[in-house]
There are 2 protein chains.
Amino acid sequence: MKTGGPLDERKAYILATVVYEYIATAEPVGSQTLTEKYDLGVSSATVRSEMAGLEAGGYLVQPHTSAGRIPSDIGYRTYVDQLMKPEQLGEGDRRRIREELHDASRELDEIIEHTTRLLGRLSNNLAFVTKPQADAHVFKHVQLIWLTPRTGVAIVVTSFGVAAQSLFELGTDVTLDELTRFSNALNARLAGRLLRDVPDAEVAAVAAEAGMGDDLRGAVANALRNARSNEQPGVAASGTQNLLDQPEFHDVRKLRSILRIVEEQKTLYDLVADTMDAETPSVKIGRELGNDELADLSVVTVPYRVGPNAIGMLSILGPRRMPYGRLLALAAGTADTLSERLSDVEIK
Amino acid sequence: MKTGGPLDERKAYILATVVYEYIATAEPVGSQTLTEKYDLGVSSATVRSEMAGLEAGGYLVQPHTSAGRIPSDIGYRTYVDQLMKPEQLGEGDRRRIREELHDASRELDEIIEHTTRLLGRLSNNLAFVTKPQADAHVFKHVQLIWLTPRTGVAIVVTSFGVAAQSLFELGTDVTLDELTRFSNALNARLAGRLLRDVPDAEVAAVAAEAGMGDDLRGAVANALRNARSNEQPGVAASGTQNLLDQPEFHDVRKLRSILRIVEEQKTLYDLVADTMDAETPSVKIGRELGNDELADLSVVTVPYRVGPNAIGMLSILGPRRMPYGRLLALAAGTADTLSERLSDVEIK
DNA sequence: TGGTAGCACTCTTGGCAAGGGACTGCTACC
DNA sequence: GGTAGCAGTCCCTTGCCAAGAGTGCTACCA
C-alpha cells in the first residue's frame, strides 16, 4: 500500500465525502449512496474507479469484497489535516459553557472535575482532563502544623490554594515554636517564586540552616514534590457510558480495554503525555495512539493555560469515526473558558 | 406466587444445590444435571417434582418451558440467610491483604483508594468503598493561613490528617496577627473534641467572640462542614471491567446503567446508604436494591471501623449470581485489615 | 481519452424449515 | 412415597435460499 501522490481535486472531494458520510452513518459507503446523496456531477461508475484509486493509495479500505469503503487511519488523517473545514462553537454553546463553569466552586480540583463532566456531556464521548501542572504556579506559603510532640502536617499553598500536604512522624520531640520558626524560614526564602524554580536542594539547605531534623525536612520536601507533581498529574474522566451508544462498542472486548484504561489514570495520561509540550490542539487517530487495543479510537486534545503557560490538557476520546471538527471546536471553547476561570480564581 | 411454608430438609437441599450450581455455571439447572453431579439419593423424577414445588413457592423460576430452573430473588435470599455455610478467608489471602495495605501510604484517601483497588482485584467484581464519616474523628487543629490582606485558606486537621480546606476572600483587610489570634481562639475551645460534638452555632459563637468578620466565619464554618461531610461521603470504585466477564453483561444496555451509576458517586452511595446504620454485614439481592435497572445485580456490604464506631462501608457489586459466601468473607477480611490500618495511622 | 452503462460476480444478511437436545409434567407401576 | 418411562414443549443450531448491496471489468460513446 503506497500512500500515492498528492490527491487531485476530485479524489480529495470524494475522500472528504466518504469520511463525512461514514462519520454520520457508521455504515461502509458505496459508490451509489455517494452519487445519490451528494452532488458529485459524475456517475457511480466513475466514483467506483476513483474509490479504487483511493484504496490503492491507502486512504480507504474495504471490509469485504461486496461492501462499501471506510476510511483508513491515513484517510482520516488527510481529512483532518487538509480536507475538513474548521468549525466554530456556536454562541449558545459558548455561553452555556461559561455559565456552567462560572457557577462552580473556587477549588481547583472541583473546577477540573466540573469541567470534565461538562465536556463529557456536551461531547457525547469520553472526556478527560489532566490536573494542572503546578510547577508553573507561584509558591505562596508553607505551614507546618503541630499536632503532637512527634507528629504534624506540612501544607504547601500556591496561588491556586492548597496544593499538597504530608503527614509527618518524628523520631524526636519538636515544639510548636520550632515548627513556627521553620515555617517562617522557609516562607522568607521561597514565597513568591515559581514552584519549578525551587530545587529540592534549596529546600534542604534552608531547612538545614534553620536546624530542622531529617524527618521534618523529608516531610517538607515530600509535600513540595507532591505540589509540583510534574511526573504525572492526576486525570479526571467522565462519560464512559456515552461510548456505549456507538455501534463499534457493541463488541464487549473493546469495552474491556477502554474501561481498564479509564480506571488506570496512568494509561489515560500516557495517551496524551507527548502532546503536552506541543501546546497546540492535537488529534491522534487509531494506531497513532500507539496501542493496538485502541486501534479504532481517536483522541482530540487541547491545552488550557494560566497566563501564557499551558498547564494541562482537555481531551475527548471516542470512536475513530468521530466528528473531529465539532469536537475540536468544543474542546477549544471549553479550554478557553477554563483558562479564564482559572485566572479568576488565582490568588494574585 | 405464595412464599410457601417452611422448606422441608430435602427441598432446602435441592434449592441450595440449584443455587450453587447456577452460580458456578450461569446455566439454568435441570433435574438431570442435578442428579448426575450431586449425590441426592433420589432420581431425577423426584427432583423434578420437588423443583415444581419450589417454583410454586416462589424460590425458583423457569426462563421457558423446556429449560432448567434458576433462583428467584427469594431463592437467593433463602440461600444466603439459611442455606449457605459461612466461609472463612484463607490464611494466604488474609496475609496478602495485610501486606498490601500495610505498605500503603499514611494518607487517608490513598488508603481508601488502595483498599478499593485491592478489593476489586480480589473479588473479580466491582468494589466500592465509602470514604470515612469523619464526624466521629477527633478535632485536632484549625489553621487560618494568610495569603494576601484579603485572601487566605482555612484548614481543618483531624486525627486522620487534613480533613478539609476552604479558600476565603474577604471584603476588608485582615492581618496575619489577627488570623493567628482567631486560629488560637478556635483551637483553645475545640481541640480534642469529636467533630460531631461541635455544632455550627458554637463555631460561630467562638468566631464572634474573637472578633472575626462574617466572611471569615463563613470560611471556617464551611471548612468544618466539609470536614464532617456527613450528608454524603465520597465513594471510591474499582473493577468495572471485571463485570464484563460475566455472561449477564454481554447485553450492552445493562452496562449503561452500571457505568452511569459508577460515575455518579451519589447513586452508588445511595445503594448502601441505609445499611450504614446497621453496622453489620448486609446483602442486597436483585430488586432489593430498589432500582429496576439493577434487577440482576447484588451487593454485599461490610462496615469498617475505627475503635468501636463504624465509619464507612466496603461493598462489592456483581451479578445476582455471585458467590455470596466467598465475597462476604473477603469483604469482612478486608474491612478488618482496613480498620486495623486506620487505627495505626490515627494520631492519638 | 475520460466518462458511462451494463453485466457478471462476490459477499453478507435475514428468513425459514428441519433436526437435535434439554427439559418438563404426567401417569402407571412398585 | 418414590421411580421409570413417555409424550410434549421449546430453544438453538444448521443448512439453504433469496434478496440486496456493492464491486470490477468491458464495451461503447462523445
Side-chain angles (χ1 to χ4, degrees), chain A residues 1 5 7-15 17-19 21-22 24-72 75 247-248 250-251, chain B residues 1 5 7-15 17-19 21-22 24-72 75 247-248 250-251:
Chain A
M1 153 166 50
L7 297 172
D8 63 43
E9 197 173 336
R10 192 169 69 187
K11 274 206 173 56
Y13 185 63
I14 288 177
L15 173 57
T17 317
V18 170
V19 176
E21 176 71 11
Y22 184 62
T25 63
E27 296 291 333
V29 184
S31 57
Q32 199 166 327
T33 326
L34 220 53
T35 46
E36 277 167 11
K37 292 180 98 169
Y38 301 88
D39 186 20
L40 300 180
V42 291
S43 79
S44 68
T46 310
V47 172
R48 271 203 291 286
S49 85
E50 291 289 51
M51 282 169 114
L54 285 166
E55 183 168 2
Y59 299 98
L60 297 177
V61 296
Q62 215 176 358
H64 58 83
T65 354
S66 72
R69 261 100 174 179
I70 66 179
S72 67
E248 30 269 274
H250 287 204
D251 176 0
Chain B
M1 153 166 52
L7 296 173
D8 63 44
E9 197 174 336
R10 193 169 70 188
K11 273 206 174 56
Y13 185 63
I14 288 177
L15 172 57
T17 316
V18 170
V19 175
E21 176 72 10
Y22 183 63
T25 64
E27 296 292 333
V29 184
S31 58
Q32 199 166 329
T33 326
L34 220 52
T35 45
E36 278 167 12
K37 291 180 97 170
Y38 301 88
D39 186 20
L40 299 180
V42 292
S43 80
S44 68
T46 309
V47 172
R48 272 204 289 286
S49 85
E50 290 290 52
M51 281 170 110
L54 286 166
E55 182 168 1
Y59 298 98
L60 298 177
V61 296
Q62 215 176 358
H64 58 84
T65 352
S66 72
R69 265 121 171 158
I70 65 179
S72 67
E248 30 267 277
H250 287 204
D251 176 0

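Just so it is clear: chains get the letters A, B, ... in the order the sequence lines come, proteins before strands, and each one is counted from 1. What you are looking at is a predicted structure, and each value in this text was computed from that prediction instead of being measured.
Under the salt bridge (charged side-chain N to carboxylate O under 4.0 Å, His left out) criterion, A:Glu21 pairs with A:Lys37, sequence neighbours left out. Residues that satisfy the side chain to side chain contact (heavy atoms under 4.5 Å, CB included) test with B:Ser44, not counting sequence neighbours, are B:Ser31, B:Thr35, B:Arg48. Under the rule for a side chain to side chain contact (heavy atoms under 4.5 Å, CB included), the partners of B:Glu27 that lie at least two apart in sequence or sit in another chain are B:Thr25.
Of the candidates C:dG3, D:dG22, C:dG25, the closest approach to any side-chain atom of B:Arg69 belongs to C:dG25. Comparing D:dG22, C:dC23, C:dG25 by their closest approach to the side chain of B:Ala52 singles out C:dG25.
Nucleic acid contact class of B:Ser49 (heavy atoms, under 4.0 Å, all strands): none. Residue B:Ser31 is classed as a sugar-phosphate contact, given heavy-atom separations below 4.0 Å to backbone atoms only.
Scanning residues 35-42 of chain A for heavy-atom distances under 4.0 Å to DNA chain D yields an empty list.
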Hey, what are the protein-to-nucleotides 4-8 of chain D N/O distances that come in under 3.5 Å?
{"unit_1": "D:dG5", "atom_1": "O6", "unit_2": "B:Arg48", "atom_2": "NH2", "d": "3.1"}

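Applying the salt bridge (Lys or Arg N to Asp or Glu O under 4.0 Å) definition to pairs two or more places apart or across chains, none involves residues 56-65 of chain A.
Within the 4.0 Å cut-off from OP1 or OP2 of D:dG1, not a single side-chain nitrogen or oxygen of B:Thr46 is found.
Nucleotide D:dC16 has C:dG15 as its partner under the Watson-Crick or G-U criteria, with both atom distances under 3.5 Å.
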